[in-house]
Amino acid sequence: QVQLVESGGGLVQAGGSLRLSCAAPGRTFGPYAMGWFRQAPGKDREFVSAIHWSSTSTYYEDSMKGRFTISRDNAKVTVYLQMNSLKPEDTAVYYCAASSFTRVYSSPAGYDSWGQGTQVTVSS
C-alpha cells in the first residue's frame, strides 16, 4: 500500500474554487493511476476523477467535466484536483486513492490505497 497525504479542503462559497493535493511521500515511482472520490453524508463513495501515471489520460465523472481538472507532478509523486465553479452539491469528504493496476478504474474497488479524506464544504 501507498501512504497518501491530502490537503486543500475547506469552506468556500458557491462559484468559488479549491485545489486539493495528494502526495505519496517516500515513493520512488508513482502508482499506475491515482484518483479522487467523494462521499457525502448518507451517500455512497462516488468517482470524481482519475489520471494514469504514465500517460496524459484523464477521466472525469460527467457532472465534473469542465469544472474540475486533475493533474500530476511525477517528480513530487503528487496529484492535484482543481475544482472551479463549485456548487453546494459538491459538498463532501474528498478522498485520494492510488491504484496498482494498469487499468484506470472508476470504482473504488480498483484502488488499494486511500488517503484520510479532506472536507470540502460549499455554501450557497
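Just so it is clear, the structure is predicted and the values come from calculations on it, not from any experiment.
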Looking at [atom1] of [X] and [atom2] of [Y], how far apart are the two atoms once the value is rounded to the nearest 0.5 Å?
| X | Y | atom1 | atom2 | answer |
| --- | --- | --- | --- | --- |
| E89 | S124 | CD | OG | 10.0 Å |
| K87 | S63 | NZ | OG | 7.0 Å |
| E61 | R38 | CD | CZ | 7.0 Å |
| W36 | I51 | CH2 | CD1 | 12.0 Å |
| L4 | S113 | CG | OG | 5.5 Å |
| C22 | R72 | SG | CZ | 14.0 Å |

Please find the pair of heavy atoms, one from [X] and one from [Y], that lie closest to each other, and give the distance.
| X | Y | value |
| --- | --- | --- |
| F37 | S106 | CE2-O, 3.4 Å |
| A14 | P88 | CB-CD, 4.1 Å |
| A33 | Y111 | O-CE2, 4.5 Å |
| F101 | A109 | CE1-O, 4.4 Å |
| G117 | V93 | CA-CG1, 3.8 Å |
| M34 | I70 | O-CD1, 4.1 Å |

Answer whether the closest heavy-atom distance between the side chains of [X] and [Y] falls below 4.5 Å.
| X | Y | answer |
| --- | --- | --- |
| M83 | D90 | no |
| R45 | W114 | yes |
| L86 | F68 | yes |

(message) Ring centres under 6.0 Å, that's the criterion: do Y59 and F47 meet it?
(response) no
(message) Main chain of C96, side chain of E6: is a donor-acceptor contact present, judged purely on distance under 3.5 Å?
(response) yes
(message) Check whether T91 reaches the backbone of V122 with its side chain - one donor and one acceptor, N or O, closer than 3.5 Å.
(response) yes
(request) Answer yes when K65 and D62 have at least one side-chain N-carboxylate O distance shorter than 4.0 Å, and no when they do not. (result) yes
(message) Which residues pass the side chain to side chain donor-acceptor pair (under 3.5 Å) test with D112, not counting sequence neighbours?
(response) S100
(message) Starting from V77, can I reach Y80 by hopping between I/L/V/M/F/W/Y residues whose side chains sit under 4.5 Å apart?
(response) no
(message) Between S57 and V104, is the side-chain contact (heavy atoms from CB on, under 4.5 Å) condition met? List the steps.
(response) CA-CA 9 Å; S57 298; V104 177; over 6 Å; no
(request) Kindly check if the number of other-residue, nucleotide or ligand heavy atoms within 6.0 Å of CD (Q13) is above 12? (result) no
(message) Going by disulfide bond (SG atoms under 2.5 Å apart), name the pairs with one or both residues in residues 59-95, residues two or more places apart or in two chains.
(response) none
